[in-house]
Amino acid sequence: MIGFFRRGPALVCDGVPLTDLADAHGTPLYVYSAALIASRYRAIDAAFAAHPHAIHYALKANSTLAIARLLRGLGSNADANSGGEIDVALRAGFIPPQIVFTGVGKTTTELAQAIELGVRTINVESAGELERIDALSRERQTTTKVAIRVNPDIDAKSHPHISTGMKTNKFGIALHEVRELCRRARTLTGIEIVGLHSHVGSQITNLEPLGRAASALARLARELADDGTRIEHLDLGGGLGVSYDGSPVPGVQEYADTLLPAVRGSGLSIILEPGRHIVAPAGVLLTRVIDVKEQPGGRLFVVMDAGMTELIRPMLYDAFHRIEPVLQSSAPVVGAEIVGPLCESSDTLGKNRSLAWPQVDDLFAVMDVGAYGSVMASNYNRRLMPAEVLVENGAAAVIKRRQTIDELLSLES
Ligand SMILES: Cc1ncc(COP(=O)(O)O)c(C=O)c1O
């Protein structure tokens with residue numbers, strides 16, 4: 001077995017007891033399973049084997065260097081969403097042709113960085129950005145390959161904060177404007193349009209919108225070819241969801257079976273930019289109970305040593321994460337609010353949960369936090385960035401050490 005499972009009453013990661021890791025490295029602590037990341041990456045790769053494809057792991061989901069390096073070692077390419085993520089990709093060993101640069105607001109400095117490096121494509125978000133890339137490329141006497149990010153006006157039926165494919169969202173270029181833009185692009189010597197891109201949202205568990213977006217891109221590519229613009233690839237973005245609460249969700253085979261019919265026979269290769277699906281279930285956040293308090297009216301609060309600074313998803317998206325005792329207990333079950341230590345009432349990890357009556361110092365694991373967990377951590381309340389551990393081949397290595405207060409303050413006068 002790989003990943004997080006029980007051995008007797010104890011939760012382990014790839015066989016390594018989580019109690020040992022918390023004792024050795026303290027809490028809050030992120031713990032990742034290398035074996036689970038590898039198996040989830042390979043499953044996507046295998047599901048798309050019938051069609052020419054490249055997986056560009058979305059670094060935004062988790063860009064801790066060792067995780068990025070692990071994915072590179074598995075054969076992944078990278079999707080970077082900022083100059084910082086391009087730097088991480090390079091330091092993790094990706095070469096520029098393995099990097100696509102996405103993002104709704106790229107600064108001139110970031111565009112120049114990507115152009116000078118010669119990344120695989122810059123995924124263009126607006127007519128203005130296309131002109132800026134052209135000018136910057138001509139100044140450098142080079143031609144930059146770009147993909148047009150299309151906004152297909154498709155509702156991904158995910159949480160509104162992570163839906164990106166509707167015309168009311170800030171992302172991409174409206175479908176009906178792309179042909180004119182491509183005509184204009186053919187007159188620009190600093191760019192070459194090689195791809196069409198769409199990413200309609202994240203944590204998508206109803207595949208129909210993803211299938212529709214792929215069909216819309218394939219149709220548009222045909223129309224563009226008739227109009228004189230030859231597209232080489234379709235970048236179908238990321239978005240495949242995971243089950244946070246144990247309810248059934250589509251797997252990678254259904255994902256491939258939804259996307260591939262749209263592109264089969266098109267002569268176009270595809271790029272995929274999965275993030276969450278690869279890493280979310282491969283990480284947990286270990287946290288200890290600081291206090292157990294019953295408020296007037298009988299509401300029980302379990303105050304943990306991790307909160308919105310380590311994991312903001314519950315507060316930001318009302319996201320649900322299972323919260324498991326690392327050692328099972330036979331204490332009577334109670335209803336409780338599992339909250340963080342910060343001075344915000346919305347600082348919560350789990351609302352209205354049932355758990356065995358906890359004691360101070362009990363260790364809990366917040367499950368499925370490998371994606372959009374540590375990358376969104378903050379120093380609010382002067383809290384320090386948590387440590388991160390990767391379990392690989394039966395051994396645990398610290399891949400990010402806990403920040404110190406001196407490091408935090410070293411930026412300040
Ligand atoms: C352009 C783009 N590609 C890929 C992703 C990764 O998405 P996910 O983690 O849902 O696979 C995102 C995240 O929202 C994105 O904005």
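Not measured: the values here are computed from a predicted model. Both ligands and their constituent atoms are indexed starting at 1 by order of listing.
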**Asked** How far apart are the C-alpha atoms of L224 and R179, what are their side-chain angles, what is the distance that settles it, and do they pass the side-chain contact (heavy atoms from CB on, under 4.5 Å) test?
**Response** CA-CA 6 Å; L224 291 177; R179 186 167 18 166; 4.2 Å; yes

**Message:** Between E85 and K106, is the salt bridge (Lys or Arg N to Asp or Glu O under 4.0 Å) condition met? List the steps.
**Reply:** CA-CA 12 Å; E85 284 189 355; K106 308 177 196 76; over 6 Å; no

**Request:** Verify salt bridge (Lys or Arg N to Asp or Glu O under 4.0 Å) between E125 and K170, making sure each step is shown before the conclusion.
**Result:** CA-CA 9 Å; E125 293 267 352; K170 65 184 171 183; over 6 Å; no

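Short contacts between ligand 1 and G238, defined as distances under 4.0 Å to a heavy atom of the residue, involve ligand atoms 4 (C), 11 (O). Numbered from 1 in the order shown, with element, the atoms of ligand 1 that lie under 4.0 Å from a heavy atom of A58 read 4 (C), 5 (C), 6 (C). Here is the list of ligand 1 atoms found below 4.0 Å of a heavy atom in R276: 8 (P), 9 (O), 11 (O). Listed by atom number, the atoms of ligand 1 under 4.0 Å from G275 heavy atoms are 8 (P), 9 (O), 11 (O). Less than 4.0 angstrom separates some heavy atom of E273 from each of these atoms of ligand 1: 1 (C), 2 (C), 3 (N), 4 (C), 5 (C), 6 (C), 11 (O).
K400 forms no cation-pi arrangement with Y30, by the criterion of a distance under 6.0 Å to the ring centre and an angle within 45° of the ring axis. Taking the ring centre of Y244 as origin, the terminal cationic atom of R313 falls inside the region bounded by 6.0 Å and 45° from the ring axis.
When each of R149, H199, H197 is tested with N123 by the rule side chain to side chain donor-acceptor pair (under 3.5 Å), just one qualifies, namely H197.
The aromatic rings of F48 and Y255 lie perpendicular to each other, with more than 60° between the two planes, well past the 30° mark.
Look at Y372 and you'll find a heavy atom under 4.0 Å from some atom of ligand 1. At a 4.0 Å cut-off, at least one heavy atom of P274 sits close enough to ligand 1 to count as contact.
Residue A61 has no N or O atom closer than 3.5 Å to an N or O atom of ligand 1. Looking at T102 next to ligand 1, no N or O pair under 3.5 Å apart turns up. Looking at S202 next to ligand 1, an N or O pair under 3.5 Å apart turns up.
Only side-chain heavy atoms of D79 come within less than 4.0 Å of ligand 1; its backbone N, CA, C and O stay farther off. Using a 4.0 Å cut-off between heavy atoms, K60 contacts ligand 1 through its side chain alone, with no backbone atom that close.
In this structure, L349 and H321 have side chains that are not in contact, with every pair of non-hydrogen atoms separated by 4.5 Å or more.
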